[in-house]
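Heads up: the structure comes next, in C-alpha coordinates.
As the structure lists them, so they are numbered: ligands from 1, and atoms in each ligand from 1.
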Amino acid sequence: MSNMRYISTRGQAPELGFADVLLAGLATDGGLYVPTEWPSLPSLPTGDYASLAAAVMRPYVIQDGAVGDIDEAAFEAMCRDAYATFRHPATVPLVQIGPNEWIMELFHGPTLAFKDVALQLVGRLFDHVLSARNERVMIVGATSGDTGSAAIDGVKACNNVDIVILYPAGRVSDVQRRQMTTVDSPNVHTVAIDGTFDDCQDLVKAMFNDAQFRNELNLSAVNSINWARVMAQTVYYVAAIDALGDQPVSFSVPTGNFGNVLAGWIAREMGASIDSLIVGSNKNDILTRFFESHQMVADGVVPTLSPSMDIQVSSNFERLLFEMNDRDGAVTAHQLSTFRSTGQLAVEPDQFATWAAPVFKAARCNDELTLSTMADVYRESGMLIDPHTAVGVSAARQLRGQKEDQSRDSGVPVVTLATAHPAKFPDAVIKATGVHPNLPEHLADLLERPERTNNVANDLAAVQAFVRSVAR
Ligand SMILES: *Cc1c(COP(=O)(O)O)cnc(C)c1O
(Lines give C-alpha, C1' and ligand atoms only; values in the text may rest on other atoms or scores of the structure.)
Protein backbone atom coordinates (compact mmCIF):
# COMPACT_ATOMS: atom_id res chain seq x y z
CA MET A 1 0.00 0.00 0.00
CA SER A 2 1.41 3.36 -0.92
CA ASN A 3 -1.35 5.83 -0.18
CA MET A 4 0.31 8.48 -2.31
CA ARG A 5 -0.77 12.03 -1.49
CA TYR A 6 -1.11 14.86 -3.99
CA ILE A 7 -0.35 18.57 -3.65
CA SER A 8 -1.19 21.58 -5.79
CA THR A 9 1.42 23.41 -7.87
CA ARG A 10 0.16 26.66 -6.32
CA GLY A 11 0.47 25.47 -2.74
CA GLN A 12 -2.89 26.67 -1.43
CA ALA A 13 -5.24 23.71 -2.02
CA PRO A 14 -5.82 20.79 0.35
CA GLU A 15 -3.65 17.70 -0.03
CA LEU A 16 -5.74 14.87 -1.49
CA GLY A 17 -5.62 11.16 -2.28
CA PHE A 18 -5.85 9.70 -5.78
CA ALA A 19 -9.64 9.32 -6.05
CA ASP A 20 -10.27 12.94 -5.07
CA VAL A 21 -7.55 14.23 -7.39
CA LEU A 22 -9.11 12.23 -10.22
CA LEU A 23 -12.54 13.79 -9.73
CA ALA A 24 -11.27 17.30 -8.97
CA GLY A 25 -9.16 17.81 -12.12
CA LEU A 26 -8.06 21.35 -11.29
CA ALA A 27 -7.11 22.17 -7.66
CA THR A 28 -9.21 24.75 -5.78
CA ASP A 29 -6.32 27.28 -5.88
CA GLY A 30 -6.26 27.04 -9.69
CA GLY A 31 -3.16 24.82 -9.59
CA LEU A 32 -2.52 21.33 -10.91
CA TYR A 33 -2.11 18.29 -8.69
CA VAL A 34 1.19 16.41 -8.53
CA PRO A 35 2.21 13.52 -6.26
CA THR A 36 4.30 14.41 -3.19
CA GLU A 37 7.14 12.26 -4.57
CA TRP A 38 8.09 10.38 -7.72
CA PRO A 39 8.05 6.66 -7.00
CA SER A 40 10.65 4.33 -8.55
CA LEU A 41 9.72 2.04 -11.39
CA PRO A 42 8.90 -1.49 -10.28
CA SER A 43 10.63 -4.50 -11.79
CA LEU A 44 8.65 -4.84 -14.99
CA PRO A 45 6.28 -7.76 -15.45
CA THR A 46 6.56 -9.85 -18.58
CA GLY A 47 3.31 -9.92 -20.44
CA ASP A 48 1.01 -7.51 -22.13
CA TYR A 49 0.68 -3.73 -22.05
CA ALA A 50 -2.17 -3.85 -19.52
CA SER A 51 0.02 -5.69 -16.99
CA LEU A 52 2.82 -3.18 -17.52
CA ALA A 53 0.37 -0.30 -17.13
CA ALA A 54 -0.99 -1.66 -13.85
CA ALA A 55 2.54 -2.18 -12.48
CA VAL A 56 3.86 1.27 -13.47
CA MET A 57 0.82 3.21 -12.20
CA ARG A 58 0.24 1.12 -9.06
CA PRO A 59 2.08 3.44 -6.60
CA TYR A 60 0.01 6.41 -7.78
CA VAL A 61 -3.38 4.71 -7.63
CA ILE A 62 -3.67 1.95 -5.06
CA GLN A 63 -4.98 3.30 -1.76
CA ASP A 64 -7.34 2.28 0.94
CA GLY A 65 -9.12 4.05 3.67
CA ALA A 66 -11.79 6.12 1.96
CA VAL A 67 -14.88 5.16 0.01
CA GLY A 68 -14.01 4.94 -3.66
CA ASP A 69 -10.35 4.06 -3.13
CA ILE A 70 -9.09 1.60 -5.70
CA ASP A 71 -7.62 -1.80 -4.86
CA GLU A 72 -5.14 -3.78 -6.87
CA ALA A 73 -7.55 -6.29 -8.43
CA ALA A 74 -10.01 -3.59 -9.50
CA PHE A 75 -7.21 -1.48 -11.01
CA GLU A 76 -5.78 -4.41 -12.97
CA ALA A 77 -9.23 -5.16 -14.34
CA MET A 78 -9.66 -1.51 -15.43
CA CYS A 79 -6.29 -1.53 -17.21
CA ARG A 80 -7.20 -4.79 -18.92
CA ASP A 81 -10.58 -3.46 -20.11
CA ALA A 82 -9.13 -0.11 -21.19
CA TYR A 83 -6.37 -1.58 -23.35
CA ALA A 84 -8.57 -4.36 -24.76
CA THR A 85 -10.19 -1.57 -26.82
CA PHE A 86 -6.94 -1.11 -28.77
CA ARG A 87 -6.92 -2.92 -32.08
CA HIS A 88 -3.34 -4.08 -32.17
CA PRO A 89 -1.96 -7.08 -30.26
CA ALA A 90 0.98 -4.95 -29.05
CA THR A 91 -1.44 -2.11 -28.04
CA VAL A 92 1.22 0.54 -28.85
CA PRO A 93 3.52 -1.09 -31.45
CA LEU A 94 7.01 0.19 -32.27
CA VAL A 95 7.83 0.46 -35.97
CA GLN A 96 11.32 1.11 -37.30
CA ILE A 97 11.58 3.81 -39.99
CA GLY A 98 15.36 4.22 -40.26
CA PRO A 99 18.66 3.45 -38.56
CA ASN A 100 18.08 4.08 -34.84
CA GLU A 101 14.81 5.74 -35.76
CA TRP A 102 11.45 4.44 -34.60
CA ILE A 103 7.81 5.40 -34.40
CA MET A 104 5.57 4.30 -31.53
CA GLU A 105 2.01 4.02 -32.81
CA LEU A 106 -0.25 5.32 -30.05
CA PHE A 107 -3.30 5.54 -32.31
CA HIS A 108 -4.80 2.04 -32.32
CA GLY A 109 -7.49 2.98 -29.80
CA PRO A 110 -11.19 3.56 -30.61
CA THR A 111 -10.85 7.16 -31.85
CA LEU A 112 -7.46 6.84 -33.57
CA ALA A 113 -5.58 9.39 -31.45
CA PHE A 114 -3.14 8.94 -28.57
CA LYS A 115 -5.63 10.57 -26.20
CA ASP A 116 -7.41 7.19 -26.07
CA VAL A 117 -4.47 5.73 -24.11
CA ALA A 118 -5.35 7.93 -21.15
CA LEU A 119 -9.08 8.49 -21.65
CA GLN A 120 -10.06 4.82 -21.98
CA LEU A 121 -8.59 4.33 -18.52
CA VAL A 122 -9.82 7.61 -17.03
CA GLY A 123 -13.47 6.86 -17.95
CA ARG A 124 -13.25 3.55 -16.12
CA LEU A 125 -11.56 5.15 -13.10
CA PHE A 126 -14.30 7.81 -12.91
CA ASP A 127 -17.09 5.24 -13.04
CA HIS A 128 -15.45 3.08 -10.39
CA VAL A 129 -14.99 5.91 -7.89
CA LEU A 130 -18.39 7.49 -8.57
CA SER A 131 -20.35 4.27 -8.23
CA ALA A 132 -18.57 3.41 -4.95
CA ARG A 133 -19.52 6.85 -3.65
CA ASN A 134 -22.97 6.74 -5.15
CA GLU A 135 -22.38 10.01 -7.02
CA ARG A 136 -22.84 11.18 -10.61
CA VAL A 137 -21.06 13.81 -12.64
CA MET A 138 -21.89 15.73 -15.77
CA ILE A 139 -18.80 16.22 -17.92
CA VAL A 140 -18.97 19.26 -20.17
CA GLY A 141 -16.30 20.10 -22.69
CA ALA A 142 -15.57 21.94 -25.91
CA THR A 143 -13.66 20.40 -28.77
CA SER A 144 -12.12 21.42 -32.04
CA GLY A 145 -11.64 17.75 -32.94
CA ASP A 146 -9.68 15.03 -31.16
CA THR A 147 -10.38 15.53 -27.48
CA GLY A 148 -14.16 15.39 -27.75
CA SER A 149 -14.31 12.04 -29.49
CA ALA A 150 -11.70 10.46 -27.20
CA ALA A 151 -13.54 11.73 -24.09
CA ILE A 152 -16.89 10.50 -25.40
CA ASP A 153 -15.52 7.07 -26.20
CA GLY A 154 -13.84 6.87 -22.78
CA VAL A 155 -17.11 7.40 -20.88
CA LYS A 156 -19.76 6.01 -23.23
CA ALA A 157 -20.22 2.87 -21.13
CA CYS A 158 -20.14 4.65 -17.75
CA ASN A 159 -23.24 4.39 -15.58
CA ASN A 160 -22.41 7.37 -13.39
CA VAL A 161 -21.15 9.83 -15.98
CA ASP A 162 -23.05 11.93 -18.49
CA ILE A 163 -21.17 13.93 -21.08
CA VAL A 164 -22.05 16.94 -23.21
CA ILE A 165 -19.51 18.02 -25.83
CA LEU A 166 -19.83 21.33 -27.67
CA TYR A 167 -18.30 21.73 -31.11
CA PRO A 168 -18.43 24.57 -33.65
CA ALA A 169 -21.03 23.69 -36.32
CA GLY A 170 -19.43 23.22 -39.73
CA ARG A 171 -15.91 23.73 -38.40
CA VAL A 172 -14.78 20.23 -37.51
CA SER A 173 -13.92 17.62 -40.12
CA ASP A 174 -16.51 15.01 -41.17
CA VAL A 175 -14.50 12.20 -39.60
CA GLN A 176 -14.06 14.09 -36.35
CA ARG A 177 -17.74 15.08 -36.11
CA ARG A 178 -18.98 11.60 -36.93
CA GLN A 179 -16.70 10.03 -34.35
CA MET A 180 -18.72 11.99 -31.81
CA THR A 181 -22.22 12.05 -33.27
CA THR A 182 -22.48 8.36 -34.19
CA VAL A 183 -21.89 7.11 -30.64
CA ASP A 184 -25.21 5.60 -29.59
CA SER A 185 -25.20 5.75 -25.79
CA PRO A 186 -27.89 7.30 -23.57
CA ASN A 187 -25.29 9.30 -21.58
CA VAL A 188 -23.58 10.90 -24.60
CA HIS A 189 -24.75 14.22 -26.05
CA THR A 190 -23.14 16.37 -28.69
CA VAL A 191 -24.06 19.97 -29.36
CA ALA A 192 -23.39 21.85 -32.58
CA ILE A 193 -22.93 25.50 -31.65
CA ASP A 194 -23.51 28.19 -34.21
CA GLY A 195 -20.08 29.79 -33.65
CA THR A 196 -16.35 29.15 -33.41
CA PHE A 197 -14.30 26.85 -31.19
CA ASP A 198 -13.53 29.85 -28.95
CA ASP A 199 -17.28 30.46 -28.54
CA CYS A 200 -17.68 26.83 -27.45
CA GLN A 201 -14.83 27.15 -24.97
CA ASP A 202 -16.26 30.39 -23.58
CA LEU A 203 -19.63 28.70 -23.06
CA VAL A 204 -17.98 25.85 -21.16
CA LYS A 205 -15.98 28.28 -19.01
CA ALA A 206 -19.14 30.27 -18.27
CA MET A 207 -20.92 27.09 -17.16
CA PHE A 208 -18.07 26.29 -14.74
CA ASN A 209 -18.05 29.88 -13.46
CA ASP A 210 -21.77 29.69 -12.64
CA ALA A 211 -21.32 28.15 -9.17
CA GLN A 212 -24.99 27.39 -8.70
CA PHE A 213 -25.23 25.59 -12.05
CA ARG A 214 -21.92 23.81 -11.46
CA ASN A 215 -23.06 22.43 -8.11
CA GLU A 216 -26.58 21.61 -9.24
CA LEU A 217 -25.29 19.38 -12.04
CA ASN A 218 -22.00 18.29 -10.40
CA LEU A 219 -20.07 19.51 -13.44
CA SER A 220 -16.74 17.90 -14.18
CA ALA A 221 -14.07 17.98 -16.88
CA VAL A 222 -11.58 15.49 -18.24
CA ASN A 223 -9.16 17.99 -19.78
CA SER A 224 -5.49 17.37 -20.20
CA ILE A 225 -4.50 18.86 -16.83
CA ASN A 226 -6.16 15.93 -15.03
CA TRP A 227 -3.38 14.09 -13.21
CA ALA A 228 -4.74 10.68 -14.20
CA ARG A 229 -4.29 11.49 -17.89
CA VAL A 230 -0.65 12.46 -17.45
CA MET A 231 -0.05 9.39 -15.30
CA ALA A 232 -1.49 7.00 -17.90
CA GLN A 233 0.86 8.45 -20.52
CA THR A 234 4.04 7.58 -18.59
CA VAL A 235 3.49 3.90 -19.34
CA TYR A 236 4.30 3.86 -23.05
CA TYR A 237 7.70 5.49 -22.49
CA VAL A 238 8.57 2.58 -20.22
CA ALA A 239 7.14 0.13 -22.76
CA ALA A 240 9.26 1.57 -25.59
CA ILE A 241 12.51 1.36 -23.61
CA ASP A 242 11.68 -2.17 -22.55
CA ALA A 243 10.98 -3.17 -26.16
CA LEU A 244 14.30 -1.68 -27.32
CA GLY A 245 16.26 -3.77 -24.83
CA ASP A 246 16.60 -1.45 -21.87
CA GLN A 247 19.15 1.00 -23.29
CA PRO A 248 19.01 4.82 -23.15
CA VAL A 249 16.38 6.09 -25.59
CA SER A 250 15.39 9.58 -26.75
CA PHE A 251 11.81 10.51 -27.56
CA SER A 252 10.45 13.10 -29.94
CA VAL A 253 6.98 14.30 -28.98
CA PRO A 254 4.57 16.40 -31.09
CA THR A 255 3.55 18.85 -28.40
CA GLY A 256 0.57 21.09 -27.65
CA ASN A 257 -0.48 21.29 -24.00
CA PHE A 258 2.78 19.68 -22.82
CA GLY A 259 0.93 16.72 -21.25
CA ASN A 260 2.47 14.01 -23.38
CA VAL A 261 6.08 15.13 -23.12
CA LEU A 262 5.69 15.90 -19.40
CA ALA A 263 4.70 12.26 -18.93
CA GLY A 264 8.09 11.35 -20.44
CA TRP A 265 9.84 13.61 -17.96
CA ILE A 266 7.98 11.88 -15.12
CA ALA A 267 8.91 8.43 -16.47
CA ARG A 268 12.55 9.63 -16.39
CA GLU A 269 12.19 10.83 -12.79
CA MET A 270 10.88 7.35 -11.96
CA GLY A 271 14.07 5.87 -13.37
CA ALA A 272 13.22 5.12 -17.01
CA SER A 273 16.35 5.27 -19.13
CA ILE A 274 15.49 8.35 -21.17
CA ASP A 275 18.32 10.31 -22.79
CA SER A 276 16.53 13.37 -24.18
CA LEU A 277 12.99 14.51 -24.72
CA ILE A 278 12.51 16.45 -27.93
CA VAL A 279 9.63 18.93 -27.91
CA GLY A 280 8.24 19.25 -31.44
CA SER A 281 6.19 22.38 -32.16
CA ASN A 282 4.40 23.53 -35.27
CA LYS A 283 4.29 27.22 -36.13
CA ASN A 284 2.77 27.83 -32.69
CA ASP A 285 6.17 27.45 -31.09
CA ILE A 286 5.90 29.06 -27.64
CA LEU A 287 7.51 25.98 -26.05
CA THR A 288 10.35 25.71 -28.56
CA ARG A 289 11.09 29.39 -28.01
CA PHE A 290 11.11 28.74 -24.25
CA PHE A 291 13.63 25.93 -24.49
CA GLU A 292 15.82 28.10 -26.70
CA SER A 293 15.61 31.33 -24.68
CA HIS A 294 14.48 30.36 -21.11
CA GLN A 295 11.64 32.85 -21.68
CA MET A 296 8.01 32.13 -22.27
CA VAL A 297 6.41 34.82 -24.41
CA ALA A 298 2.78 34.50 -25.46
CA ASP A 299 1.90 35.07 -29.09
CA GLY A 300 -1.27 34.68 -31.20
CA VAL A 301 -2.38 31.28 -32.47
CA VAL A 302 -2.21 30.51 -36.18
CA PRO A 303 -4.00 27.55 -37.79
CA THR A 304 -1.73 24.77 -39.08
CA LEU A 305 -1.94 21.29 -40.60
CA SER A 306 -1.53 19.88 -37.06
CA PRO A 307 -4.54 21.51 -35.36
CA SER A 308 -4.30 19.58 -32.09
CA MET A 309 -1.05 21.46 -31.43
CA ASP A 310 -2.41 24.92 -32.24
CA ILE A 311 -2.26 26.29 -28.71
CA GLN A 312 -1.22 29.57 -27.19
CA VAL A 313 -0.36 28.46 -23.64
CA SER A 314 0.57 24.91 -22.66
CA SER A 315 -1.34 24.23 -19.46
CA ASN A 316 0.73 21.26 -18.29
CA PHE A 317 3.91 23.33 -18.37
CA GLU A 318 2.91 24.48 -14.89
CA ARG A 319 3.91 21.09 -13.50
CA LEU A 320 7.48 21.44 -14.83
CA LEU A 321 7.65 25.03 -13.64
CA PHE A 322 6.74 23.86 -10.12
CA GLU A 323 9.73 21.47 -10.20
CA MET A 324 12.01 24.21 -11.54
CA ASN A 325 10.96 26.28 -8.52
CA ASP A 326 11.93 23.44 -6.17
CA ARG A 327 8.22 22.82 -5.57
CA ASP A 328 7.55 26.28 -4.20
CA GLY A 329 3.85 26.86 -4.86
CA ALA A 330 3.90 30.56 -3.97
CA VAL A 331 6.70 31.32 -6.44
CA THR A 332 4.94 29.27 -9.12
CA ALA A 333 1.63 31.05 -8.55
CA HIS A 334 3.37 34.43 -8.72
CA GLN A 335 5.15 33.61 -12.00
CA LEU A 336 1.90 32.43 -13.55
CA SER A 337 -0.02 35.52 -12.56
CA THR A 338 2.78 37.69 -13.99
CA PHE A 339 2.54 35.65 -17.17
CA ARG A 340 -1.21 36.20 -17.32
CA SER A 341 -0.84 39.97 -16.96
CA THR A 342 2.31 40.56 -19.05
CA GLY A 343 2.39 37.56 -21.42
CA GLN A 344 5.97 36.87 -20.29
CA LEU A 345 7.66 34.46 -17.92
CA ALA A 346 11.38 33.86 -17.48
CA VAL A 347 13.27 31.30 -15.41
CA GLU A 348 16.73 31.78 -13.88
CA PRO A 349 19.69 30.32 -15.78
CA ASP A 350 20.53 27.94 -12.93
CA GLN A 351 16.92 26.72 -12.71
CA PHE A 352 17.02 26.05 -16.41
CA ALA A 353 20.43 24.38 -16.23
CA THR A 354 19.31 22.04 -13.46
CA TRP A 355 15.87 21.06 -14.68
CA ALA A 356 15.53 21.60 -18.38
CA ALA A 357 18.91 21.61 -20.12
CA PRO A 358 19.92 18.01 -19.33
CA VAL A 359 16.70 16.57 -20.73
CA PHE A 360 14.72 18.80 -23.05
CA LYS A 361 15.52 19.80 -26.61
CA ALA A 362 13.14 21.50 -28.98
CA ALA A 363 12.57 22.13 -32.67
CA ARG A 364 9.84 23.61 -34.82
CA CYS A 365 8.26 22.49 -38.06
CA ASN A 366 6.09 24.64 -40.31
CA ASP A 367 3.40 23.27 -42.67
CA GLU A 368 5.77 23.02 -45.61
CA LEU A 369 8.27 20.95 -43.63
CA THR A 370 5.39 18.89 -42.22
CA LEU A 371 4.28 17.95 -45.75
CA SER A 372 7.81 17.22 -46.97
CA THR A 373 8.49 15.04 -43.92
CA MET A 374 5.29 13.06 -44.61
CA ALA A 375 6.45 12.64 -48.21
CA ASP A 376 9.99 11.61 -47.13
CA VAL A 377 8.73 8.95 -44.73
CA TYR A 378 6.34 7.60 -47.36
CA ARG A 379 9.12 7.43 -49.95
CA GLU A 380 11.62 5.85 -47.54
CA SER A 381 9.43 3.27 -45.84
CA GLY A 382 6.05 3.22 -47.56
CA MET A 383 4.43 4.42 -44.35
CA LEU A 384 1.75 7.09 -44.15
CA ILE A 385 2.05 9.34 -41.11
CA ASP A 386 -0.31 12.04 -39.92
CA PRO A 387 0.77 15.72 -39.77
CA HIS A 388 1.22 15.74 -35.95
CA THR A 389 3.51 12.72 -36.08
CA ALA A 390 5.39 14.38 -38.94
CA VAL A 391 6.21 17.35 -36.69
CA GLY A 392 7.76 14.87 -34.25
CA VAL A 393 9.75 13.05 -36.94
CA SER A 394 10.99 16.34 -38.36
CA ALA A 395 12.07 17.61 -34.92
CA ALA A 396 14.00 14.38 -34.29
CA ARG A 397 15.71 14.63 -37.68
CA GLN A 398 16.58 18.31 -37.29
CA LEU A 399 18.31 17.69 -33.96
CA ARG A 400 20.08 14.60 -35.13
CA GLY A 401 21.53 16.66 -37.97
CA GLN A 402 22.96 19.24 -35.57
CA LYS A 403 26.74 19.02 -35.34
CA GLU A 404 27.21 19.50 -31.63
CA ASP A 405 24.73 16.75 -31.01
CA GLN A 406 26.21 14.04 -33.14
CA SER A 407 28.65 12.68 -30.61
CA ARG A 408 26.13 12.73 -27.82
CA ASP A 409 23.34 11.16 -29.79
CA SER A 410 25.22 8.69 -31.87
CA GLY A 411 23.76 5.29 -31.31
CA VAL A 412 20.90 6.48 -29.12
CA PRO A 413 17.63 5.31 -30.67
CA VAL A 414 15.02 8.03 -31.14
CA VAL A 415 11.36 7.11 -30.84
CA THR A 416 8.82 9.57 -32.24
CA LEU A 417 5.40 9.24 -30.63
CA ALA A 418 2.81 8.86 -33.40
CA THR A 419 -0.16 10.69 -31.93
CA ALA A 420 -2.84 10.21 -34.61
CA HIS A 421 -3.77 7.74 -37.32
CA PRO A 422 -3.19 9.16 -40.82
CA ALA A 423 -6.86 8.57 -41.73
CA LYS A 424 -7.85 11.26 -39.21
CA PHE A 425 -6.18 13.85 -41.44
CA PRO A 426 -6.79 12.61 -44.97
CA ASP A 427 -6.46 15.99 -46.69
CA ALA A 428 -2.91 16.57 -45.49
CA VAL A 429 -1.90 12.98 -46.23
CA ILE A 430 -3.22 13.22 -49.79
CA LYS A 431 -1.54 16.56 -50.30
CA ALA A 432 1.82 15.21 -49.12
CA THR A 433 1.82 11.76 -50.71
CA GLY A 434 -1.03 11.53 -53.22
CA VAL A 435 -2.33 8.53 -51.30
CA HIS A 436 -5.73 8.33 -49.62
CA PRO A 437 -5.34 6.88 -46.10
CA ASN A 438 -8.03 4.29 -45.34
CA LEU A 439 -9.90 4.22 -42.07
CA PRO A 440 -9.27 1.02 -40.12
CA GLU A 441 -11.89 -1.69 -40.49
CA HIS A 442 -13.84 -0.91 -37.31
CA LEU A 443 -14.53 2.60 -38.62
CA ALA A 444 -14.81 1.78 -42.32
CA ASP A 445 -18.57 2.45 -42.30
CA LEU A 446 -18.26 5.64 -40.19
CA LEU A 447 -19.49 7.83 -43.04
CA GLU A 448 -22.70 5.76 -43.35
CA ARG A 449 -23.61 5.52 -39.67
CA PRO A 450 -26.61 7.54 -38.44
CA GLU A 451 -25.69 10.77 -36.67
CA ARG A 452 -27.33 12.13 -33.56
CA THR A 453 -26.63 15.71 -32.55
CA ASN A 454 -28.34 18.83 -31.22
CA ASN A 455 -28.26 22.31 -32.64
CA VAL A 456 -28.19 24.92 -29.92
CA ALA A 457 -27.81 28.68 -30.21
CA ASN A 458 -24.55 30.35 -29.19
CA ASP A 459 -26.17 31.46 -25.95
CA LEU A 460 -25.34 30.49 -22.37
CA ALA A 461 -28.93 30.18 -21.14
CA ALA A 462 -29.86 27.96 -24.10
CA VAL A 463 -26.86 25.68 -23.57
CA GLN A 464 -27.50 25.45 -19.83
CA ALA A 465 -31.13 24.54 -20.49
CA PHE A 466 -29.94 21.80 -22.82
CA VAL A 467 -27.46 20.39 -20.28
CA ARG A 468 -30.18 20.39 -17.58
CA SER A 469 -32.58 18.60 -19.89
CA VAL A 470 -30.21 15.65 -20.49
CA ALA A 471 -28.96 15.24 -16.89
CA ARG A 472 -30.13 11.93 -15.41
C1 LIG B 1 -3.63 16.36 -28.23
C2 LIG B 1 -2.73 16.02 -29.35
C3 LIG B 1 -1.38 16.42 -29.37
C4 LIG B 1 -0.76 17.29 -28.28
O5 LIG B 1 -0.55 16.59 -27.08
P6 LIG B 1 -0.26 17.40 -25.73
O7 LIG B 1 -0.30 16.38 -24.64
O8 LIG B 1 -1.36 18.41 -25.62
O9 LIG B 1 1.09 18.03 -25.86
C10 LIG B 1 -0.59 16.01 -30.43
N11 LIG B 1 -1.11 15.29 -31.45
C12 LIG B 1 -2.40 14.89 -31.47
C13 LIG B 1 -2.90 14.11 -32.63
C14 LIG B 1 -3.26 15.24 -30.42
O15 LIG B 1 -4.56 14.85 -30.46
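Of the heavy atoms in Asn257, both backbone and side-chain atoms come closer than 4.0 Å to ligand 1. Only the backbone of Phe258 comes within 4.0 Å of ligand 1, judged by heavy-atom distances.
Within the listing of ligand 1, atoms 9 (O) sit less than 4.0 angstrom from a heavy atom of Thr255. Residue Asp146 approaches ligand 1 through these ligand atoms, each under 4.0 Å from one of its heavy atoms: 13 (C), 14 (C), 15 (O). Near Phe114, the atoms of ligand 1 lying under 4.0 angstrom from a non-hydrogen atom of the residue are 1 (C), 2 (C), 3 (C), 5 (O), 7 (O), 14 (C). The ligand atoms of ligand 1 that sit less than 4.0 angstrom from a heavy atom of Ala420 are 13 (C). Within the listing of ligand 1, atoms 1 (C), 2 (C), 3 (C), 14 (C), 15 (O) sit less than 4.0 angstrom from a heavy atom of Lys115.
Note: Tyr49 and Tyr236 fail the aromatic proximity criterion, with ring centroids not under 6.0 Å apart. Here Phe114 and Phe107 keep their ring centres 6.0 angstrom or further from each other. Aromatic ring centres of Tyr60 and Trp227: separated by under 6.0 Å. For His108 and Phe86, the gap between ring centers reaches or exceeds 6.0 Å.
Arg319 and Asn316 share a side-chain donor-acceptor pair at under 3.5 Å.
The shortest contact between atom 11 (N) of ligand 1 and any protein heavy atom is with Thr419 OG1, 2.9 Å. For atom 9 (O) of ligand 1, the closest heavy atom belonging to the protein is Gly256 N, 2.7 Å.
Between Lys283 and Asp310 no salt bridge is recorded (no basic side-chain N to carboxylate O distance below 4.0 Å). Asp29 and Arg10 are not joined by a salt bridge, as no carboxylate oxygen comes within less than 4.0 angstrom of a charged side-chain nitrogen.
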Verify ring-ring contact (aromatic ring centres under 6.0 Å, His included) between Phe425 and His388, making sure each step is shown before the conclusion. CA-CA 9 Å; Phe425 299 94; His388 302 77; 4.8 Å; yes
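For Asn260, a nitrogen or oxygen atom sits less than 3.5 Å from a nitrogen or oxygen atom of ligand 1, counting backbone and side chain alike.
Ligand 1 does not have Ser224 within reach: every non-hydrogen atom of the residue lies 4.0 Å or more from it.
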